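Order of the sequence lines sets the chain letters (A, B, ...), proteins ahead of strands, with each chain counted from 1. Keep in mind it's a predicted model, so treat the numbers as computed, not measured.
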Protein chains: 2
Amino acid sequence: MKQLARTPKDIGHAIREARKERRLSQTELASRSGLWQETISKIENGVASTKMETLFDVLAALDLEIQVQPRSKGVPSSMDALF
Amino acid sequence: MKQLARTPKDIGHAIREARKERRLSQTELASRSGLWQETISKIENGVASTKMETLFDVLAALDLEIQVQPRSKGVPSSMDALF
DNA sequence: TTTAACTATGATCTTTAAATCATAAAGAGT
DNA sequence: ACTCTTTATGATTTAAAGATCATAGTTAAA
């Protein structure tokens with residue numbers, strides 16, 4: 001189940017989905033990733049623009065990883081910025 | 001050219017590669033993403049654990065996106081944390 | 001529907017990323 | 001070698017994330 005992400009909110013959604021699949025509460029995920037329930041909540045809701053360090057802590061706890069790739073077709077954004 | 005990333009340093013590498021492919025200097029990338037050359041340098045070198053907001057600014061300027069996915073085989077990390 | 005678990009939100013404090021300026025160190029080209 | 005461009009680093013200031021505590025909503029389950 002791969003999830004595209006172009007904004008912090010996208011990442012938040014992906015994390016929430018993955019957490020639910022694993023049937024973890026925010027508190028459980030928090031303790032597994034060395035964070036706080038409040039922080040997980042904010043990340044999932046895109047309230048705060050998390051630090052990468054924090055993000056990777058959460059991803060690791062969910063056994064997820066990230067892939068950096070060229071933007072796929074649809075929703076072209078800053079095509080003009082290339083060349 | 002897809003790049004796996006599990007740490008801020010991984011992302012830094014991916015960004016540097018993409019920037020070079022596009023033959024941009026750090027200063028050019030910085031101005032396109034509304035940041036500073038110094039910041040790009042630190043991100044590429046994994047010196048600072050960038051905020052997601054900043055990261056996405058850079059990715060957008062390079063027309064890159066991120067995909068969240070289950071950790072691929074090899075380098076198993078916290079397999080035990082699942083279930 | 002009452003209770004218990006889960007999630008969201010608000011305040012304060014600490015820590016740290018990013019802006020900004022200055023400059024050093026590297027690299028490329030002539 | 002010297003010059004120009006690019007990249008790295010260091011200091012200071014500002015803004016914002018995360019920790020922490022308290023608590024208000026919300027949801028699920030008995």
Side-chain angles (χ1 to χ4, degrees), chain A residues 1 3 5-66 68 77-78 81-83, chain B residues 1 3 5-66 68 77-78 81-83:
Chain A
M1 179 250 7
Q3 278 283 21
R6 295 180 182 186
T7 67
K9 207 160 278 219
D10 291 340
I11 297 243
H13 289 150
I15 286 173
R16 172 160 288 167
E17 292 315 305
R19 175 176 65 78
K20 295 223 162 149
E21 276 179 24
R22 288 154 182 74
R23 291 172 219 277
L24 297 173
S25 68
Q26 289 183 347
T27 304
E28 285 171 315
L29 176 55
S31 88
R32 289 189 188 202
S33 49
L35 300 170
W36 292 79
Q37 179 268 316
E38 292 87 335
T39 303
I40 302 291
S41 170
K42 283 167 193 164
I43 291 172
E44 289 187 354
N45 290 297
V47 169
S49 181
T50 321
K51 278 184 289 170
M52 265 206 280
E53 204 178 20
T54 307
L55 172 65
F56 281 114
D57 287 344
V58 175
L59 293 178
L62 291 169
D63 219 68
L64 295 172
E65 68 190 0
I66 263 180
V68 181
S77 53
S78 50
L82 288 172
F83 311 118
Chain B
M1 181 249 3
Q3 277 284 18
R6 295 180 181 184
T7 66
K9 209 161 277 223
D10 290 341
I11 296 242
H13 290 148
I15 286 174
R16 171 161 289 167
E17 291 315 304
R19 176 176 64 79
K20 294 224 163 149
E21 275 178 23
R22 290 155 181 73
R23 289 172 221 277
L24 297 172
S25 68
Q26 290 184 345
T27 304
E28 285 171 315
L29 176 56
S31 88
R32 289 187 188 203
S33 49
L35 300 170
W36 293 80
Q37 178 266 316
E38 293 87 333
T39 304
I40 302 291
S41 170
K42 283 168 192 162
I43 291 172
E44 290 187 354
N45 290 298
V47 169
S49 181
T50 321
K51 279 185 287 173
M52 264 206 280
E53 204 178 20
T54 308
L55 172 64
F56 282 114
D57 287 344
V58 175
L59 293 178
L62 291 168
D63 219 68
L64 295 172
E65 68 190 0
I66 263 179
V68 181
S77 51
S78 48
L82 288 173
F83 311 117

Original post:
Does a donor on one side chain and an acceptor on the other come within less than 3.5 Å for Glu44(B) and Gln26(B)?
Top reply: yes

Original post:
Can you check side-chain contact (heavy atoms from CB on, under 4.5 Å) on Phe56(B) and Ile11(A), steps first, answer last?
Top reply: CA-CA 11 Å; Phe56(B) 282 114; Ile11(A) 297 243; 3.7 Å; yes

In whole Å, I'd like the distance from the [atom1] atom of [X] to the [atom2] atom of [N].
X: Ile43(B); N: dT9(D); atom1: CD1; atom2: C1'; result: 16 Å
X: Arg23(B); N: dT5(D); atom1: CZ; atom2: P; result: 19 Å
X: Gln26(B); N: dC4(D); atom1: CD; atom2: P; result: 21 Å
X: Leu29(B); N: dT6(D); atom1: CG; atom2: P; result: 13 Å

Original post:
How long is the span from the OG atom in Ser41(B) to the CG atom in Leu35(B), to the nearest 0.5 Å?
Top reply: 12.5 Å

**OP:** Taking only the side-chain nitrogens and oxygens of Thr39(A), find out if one of them lies under 4.0 Å from OP1 or OP2 of dG18(D).
**Re:** no

Original post:
OP1 or OP2 of dA8(D) less than 4.0 angstrom from a side-chain nitrogen or oxygen of Arg16(B), does that happen here?
Top reply: yes

So what does [X] touch, heavy atoms closer than 4.0 Å: a base, only the sugar-phosphate, or nothing?
X: Ile40(A); value: nothing
X: Ser41(B); value: base
X: Gln37(A); value: base

Original post:
Do any N or O atoms from the side chain of Glu28(A) and from the backbone of Ser25(A) form a donor-acceptor pair under 3.5 angstrom?
Top reply: yes

**OP:** Give a yes or no on whether the backbone of Glu65(A) and the side-chain of Arg6(B) come within a donor-acceptor separation of less than 3.5 Å.
**Re:** no

**OP:** Flag the pair Thr50(A) / Val58(A) as yes when at least one side-chain heavy-atom distance between them is below 4.5 Å, and no otherwise.
**Re:** no

Original post:
Looking at side-chain heavy atoms only, is the closest gap between Leu62(A) and Leu24(A) below 4.5 Å?
Top reply: yes

Subject >> Residue whose nearest DNA chain C nucleotide is more 5′ - Lys42(B) or Val47(A) >> reply: Val47(A)

Original post:
If you find the nucleotide of DNA chain C closest to Ser49(B) and the one closest to Trp36(B), which residue's nucleotide is nearer the 5' end?
Top reply: Ser49(B)

**OP:** Taking heavy atoms of chain A and a 4.0 Å limit, find me the 5'-most and 3'-most nucleotide of DNA chain C within that range.
**Re:** dT7(C) to dA17(C)

Subject >> 5' precedence on DNA chain D between Lys51(B) and Asn45(B) (nearest-nucleotide basis) >> reply: Asn45(B)

**OP:** May I ask you to verify whether the side chain of Glu38(B) and the base of dA8(D) hold a donor-acceptor pair under 3.5 Å?
**Re:** no

